[in-house]
Amino acid sequence: AEWLPHLPRYLNAIVIRIRRLTNAGLQRDQQRLEEIGAHWLRYQQRLTRNRQRRIVDPELEKYRWIIEELRVALFAPELKSSMPVSTRRLDAMWERISP
């Protein structure tokens, strides 16, 4: 009963979220997913190759978790990432990963 007065606000929040997804929100979400996708794909390809060759690369593992931090930064910025992240930083980090 204590929270019943808040119900209209909760319902309004749902409506706002749906509007964002059906308008530019879905498109923005897809753009962010594409931004991450290229990094995720090259991570997966290198991981597969490393596993076949039995190579363990701690930098590649770190790269994977930085991708997760980028996901937080792009999809839920209010949660804040644990460090500054960007696609440029990931590109620079990729250059340091052994080929």
Side-chain angles (χ1 to χ4, degrees):
E2 176 184 350
W3 295 99
L4 194 55
H6 298 277
L7 186 60
R9 185 168 47 89
Y10 295 149
L11 293 174
N12 192 28
I14 292 169
V15 169
I16 291 169
R17 182 176 181 201
I18 291 171
R19 278 191 200 139
R20 286 184 180 156
L21 285 173
T22 57
N23 292 331
L26 181 59
Q27 184 179 10
R28 180 178 290 161
D29 187 84
Q30 289 172 335
Q31 288 170 343
R32 290 174 179 164
L33 191 58
E34 287 175 16
E35 193 174 335
I36 291 171
H39 294 283
W40 187 251
L41 180 61
R42 72 180 171 189
Y43 161 75
Q44 287 182 313
Q45 289 171 341
R46 181 65 56 88
L47 180 63
T48 299
R49 193 188 77 184
N50 284 1
R51 284 181 176 165
Q52 290 169 348
R53 296 178 179 180
R54 298 183 182 178
I55 296 171
V56 176
D57 185 353
E59 286 299 310
L60 184 62
E61 186 68 19
K62 184 176 179 183
Y63 181 82
R64 183 251 192 273
W65 290 106
I66 302 300
I67 293 172
E68 296 303 329
E69 288 296 322
L70 182 61
R71 288 180 201 269
V72 170
L74 293 177
F75 294 110
E78 64 274 13
L79 298 178
K80 299 190 185 336
S81 60
S82 64
M83 64 190 73
V85 292
S86 68
T87 55
R88 284 185 183 179
R89 288 176 189 258
L90 277 170
D91 287 336
M93 186 177 188
W94 185 256
E95 296 300 319
R96 295 189 304 268
I97 293 175
S98 51

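Start at 1 with the first residue, then count along the sequence.
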S.K.: Treat each ILVMFWY residue as a node, draw an edge where side-chain heavy atoms are under 4.5 Å apart, and state whether W94 and M83 are in one component.
M.R.: yes

S.K.: Evaluate E68 against R64 for side chain to side chain contact (heavy atoms under 4.5 Å, CB included), listing each step before the verdict.
M.R.: CA-CA 7 Å; E68 296 303 329; R64 183 251 192 273; 2.7 Å; yes

S.K.: Against Y43, only a single residue in L90, L60, I66 fulfils side-chain contact (heavy atoms from CB on, under 4.5 Å); can you say which?
M.R.: L60

S.K.: Would you compute the distance between atom NZ of K62 and atom CZ of R96 and round it to the nearest 0.5 angstrom?
M.R.: 7.0 Å

S.K.: Testing H39, M93, R42 for side-chain contact (heavy atoms from CB on, under 4.5 Å) with I67, which one passes?
M.R.: H39

S.K.: Go through the steps to decide whether Y63 and R46 satisfy the test side chain to side chain contact (heavy atoms under 4.5 Å, CB included), and finish with yes or no.
M.R.: CA-CA 11 Å; Y63 181 82; R46 181 65 56 88; over 6 Å; no

S.K.: Using only heavy-atom distances, determine whether the side chains of E61 and W65 contain a donor-acceptor pair under 3.5 Å.
M.R.: yes

S.K.: Looking only at heavy atoms, which two atoms of S86 and L70 are closest? And how far apart?
M.R.: CA-CD1, 4.0 Å

